[in-house]
2 protein chains.
Amino acid sequence: MVARGDARRERIIAVAFQEFTAFGFRGASLARIADGAGITQPGLLHHFPGKAELLIAVLHERDQRDGQRIGIDLDGVTPWPRLFDDLRALVDFNSRVPGLVQLFTVLNGEAVTDGHPAREWARERYRRLIEHADRSLRAGVEAGELKADLDTLACAQRLFAVMDGLQQQWLLDPDRVDMPRAFGAFLAEVERSVRA
Amino acid sequence: MVARGDARRERIIAVAFQEFTAFGFRGASLARIADGAGITQPGLLHHFPGKAELLIAVLHERDQRDGQRIGIDLDGVTPWPRLFDDLRALVDFNSRVPGLVQLFTVLNGEAVTDGHPAREWARERYRRLIEHADRSLRAGVEAGELKADLDTLACAQRLFAVMDGLQQQWLLDPDRVDMPRAFGAFLAEVERSVRA
DNA sequence: TAACAAACCTACTGATTACTCGGTTGGCTT
DNA sequence: AAGCCAACCGAGTAATCAGTAGGTTTGTTA
């Protein structure tokens with residue numbers, strides 16, 4: 001009976017992913033999620049103790065799945081040319097999965113509100129991503145390949161600021177924002193300016 | 001009796017501003033807003049036909065108030081060096097009013113969800129801001145002061161992407177993000193790279 | 001085969017949601 | 001003084017919200 005339970009959990013998470021993407025955490029309804037998963041509401045709450053925990057489960061599942069797909073080792077030190085390639089590939093991929101981008105955009109925005117269950121998750125996620133990029137750039141500086149006076153932390157923050165800012169504009173107005181192109185151009189500019 | 005009505009409207013909008021900032025549109029409660037404004041819920045709905053219209057009223061009021069404060073003429077053509085100064089001043093100001101930044105961040109994120117009343121507002125706002133910056137840069141190109149092959153639209157989009165992306169990071173982790181400094185450094189970099 | 005527990009269900013809770021109906025009040029205009 | 005209307009309020013509306021209590025089914029394991 002373990003197998004059936006696991007399958008159900010996956011189904012619930014998949015439906016919850018869509019619900020949170022469409023309406024955010026506050027706009028999401030457990031009743032609709034249960035319905036979509038072909039289960040009653042108490043049945044849903046047998047698998048997850050509450051709405052907040054369900055959201056966290058969805059986010060963790062996404063982190064894990066996307067982490068291994070994109071193949072970036074967030075704990076190691078990626079050589080900086082590889083970092084830029086990885087980011088380019090990530091944005092290219094994202095441009096083909098607007099739903100995924102929407103989930104992250106909506107929840108990042110919602111996360112700054114009072115008492116939001118994803119606040120911690122959002123902050124830690126940014127810290128991880130930025131520190132990873134920062135390490136790459138610092139290694140490049142130490143190897144003498146990048147400018148010695150490069151502000152690596154500010155540069156790392158900027159990389160993800162542009163990525164997220166373009167996602168926001170792209171979701172609101174896809175016809176006017178060529179996200180991969182705009183991000184690629186930005187990266188090229190950065191690559192030129194950081195070289196020693 | 002007109003004066004009292006106007007004062008009440010202003011009071012309602014001020015309280016609603018805080019409520020939408022703290023909880024977003026979906027998380028906001030008309031009952032709490034009415035309470036904070038010292039009025040009953042039907043009393044509130046006498047002034048605004050519904051929750052969506054109240055949100056729009058708050059956003060329009062903010063647009064108007066902030067528009068005249070920052071002194072940017074969105075319809076005219078700002079000389080590009082002035083554009084950069086204006087943006088710098090805007091980010092400096094924003095760093096002193098986190099509540100205001102939070103309202104815009106939360107609503108921009110929420111706006112991409114299904115059937116959100118601020119979707120149109122968010123899209124039009126970006127269009128206005130980006131077109132304004134784009135016109136500035138194009139004028140600079142035509143005057144021969146900026147690179148002839150500068151992609152002015154992509155550059156304009158990037159300016160606001162960085163601004164919003166840094167706001168997001170700053171709200172989540174104010175200790176690790178020096179927003180005005182990071183944005184200033186970015187602008188300096190842009191200014192160097194766009195010059196003819 | 002007996003015990004056990006995971007995986008559900010029905011039925012319900014009280015709270016909250018945005019919003020409506022049908023008033024009353026009180027100041028301004030004619 | 002009569003009439004009018006903006007500015008409210010009390011009392012509800014039906015719907016939805018997340019979550020609970022307590023029981024039943026069903027497969028696994030001892």
Side-chain angles (χ1 to χ4, degrees), chain A residues 1-59 106-107 110-111 113-119, chain B residues 1-59 106-107 110-111 113-119:
Chain A
M1 213 166 181
V2 170
R4 194 176 58 162
D6 283 2
R8 185 73 84 174
R9 274 180 67 98
E10 277 185 39
R11 177 79 196 277
I12 292 171
I13 286 183
V15 175
F17 168 88
Q18 292 181 301
E19 178 79 7
F20 288 131
T21 297
F23 305 110
F25 173 72
R26 300 205 137 99
S29 153
L30 289 183
R32 272 198 303 261
I33 295 172
D35 223 44
I39 203 177
T40 62
Q41 202 172 322
L44 194 170
L45 292 171
H46 165 75
H47 293 281
F48 303 92
K51 196 186 185 185
E53 290 80 5
L54 176 56
L55 174 67
I56 297 300
V58 168
L59 294 175
V106 170
L107 286 176
E110 235 186 355
T113 59
D114 296 12
H116 197 282
R119 204 193 174 110
Chain B
M1 211 160 181
V2 171
R4 194 175 56 161
D6 283 2
R8 184 75 83 176
R9 275 180 65 98
E10 276 185 40
R11 178 77 196 277
I12 292 171
I13 286 183
V15 175
F17 168 87
Q18 292 181 302
E19 177 79 9
F20 289 132
T21 297
F23 305 112
F25 173 72
R26 300 205 137 100
S29 152
L30 290 184
R32 272 197 303 262
I33 295 171
D35 223 44
I39 203 176
T40 61
Q41 204 170 324
L44 195 169
L45 292 170
H46 164 75
H47 293 281
F48 302 91
K51 196 185 183 185
E53 289 80 5
L54 176 56
L55 174 67
I56 297 300
V58 169
L59 295 175
V106 170
L107 286 176
E110 234 186 356
T113 58
D114 295 11
H116 197 283
R119 203 191 177 113

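In what follows, every chain begins at residue 1, and chains take the letters A, B, ... in the order their sequences are listed.
- Atom-to-atom, CG of A/L45 to C1' of C/dT13 comes out at 14 Å; the value is rounded to the nearest Å.
- The minimum heavy-atom distance between B/R32 and B/F23, with the atom names listed, is NH2-CD1, 3.6 Å.
- Within the nucleic acid shown, B/L30 comes within 4.0 Å of sugar-phosphate atoms alone, with no base atom in reach, counting heavy atoms only.
- For A/I33 and D/dG19, the CD1 to P distance is 11 Å, given to the nearest whole Å.
- The A/R32 side chain lies nearest to D/dC17 when the options are C/dA18, D/dC17, D/dC8.
- Here the side chain of B/P42 is nearest to one of D/dA18, C/dC21, C/dA18, namely C/dC21.
- Rounded to an integer number of Å, the gap from B/Q41 CD to D/dT13 C1' is 12 Å.
- To the nearest 0.5 Å, atoms CD (A/E53) and CG (A/L45) are separated by 9.5 Å.
- Taking 4.5 Å as the limit, every side-chain heavy atom of B/H46 sits out of range of all side-chain heavy atoms of B/I39.
- Side chain of B/H47, nearest nucleotide from D/dC17, D/dC8, D/dC9: D/dC8.
- Between B/R11 atom CZ and D/dA7 atom C1' there is a gap of 16 Å when expressed in whole angstrom units.
- Here A/A34 lies out of heavy-atom contact (under 4.0 Å) with every strand.
- Under the side chain to side chain contact (heavy atoms under 4.5 Å, CB included) test applied with A/P117, the options A/L55, A/L54, A/L107 reduce to a single match, A/L55.
- One interatomic measurement links the two molecules: CZ of A/F48 to P of C/dA6, which rounds to 16 Å at whole-angstrom precision.
- Atom P of nucleotide C/dT16 and atom CZ of B/R26 are separated by 21 Å, given to the nearest angstrom.
- One finds the CD1 atom of B/I13 at 13.0 Å from the CZ atom of B/R11 (value rounded to the nearest 0.5 Å).
- Rounded to a whole Å, the CD atom of B/E19 is 13 Å from the P atom of C/dT16.
- OP1 or OP2 of C/dA7 sits under 4.0 Å from a side-chain N or O of A/H46.
- B/K51 has its NZ atom 8 Å from the P atom of C/dT17, to the nearest Å.
- Of the listed nucleotides (C/dT17, C/dC9, D/dT20), C/dC9 has the atom at the smallest distance from the side chain of A/I39.
- Closest to the side chain of B/T40, from the set C/dC8, D/dT20, D/dG10, is D/dG10.
- At the phosphate of C/dC8, OP1 or OP2 sits under 4.0 Å from a side-chain N or O atom of A/R8.
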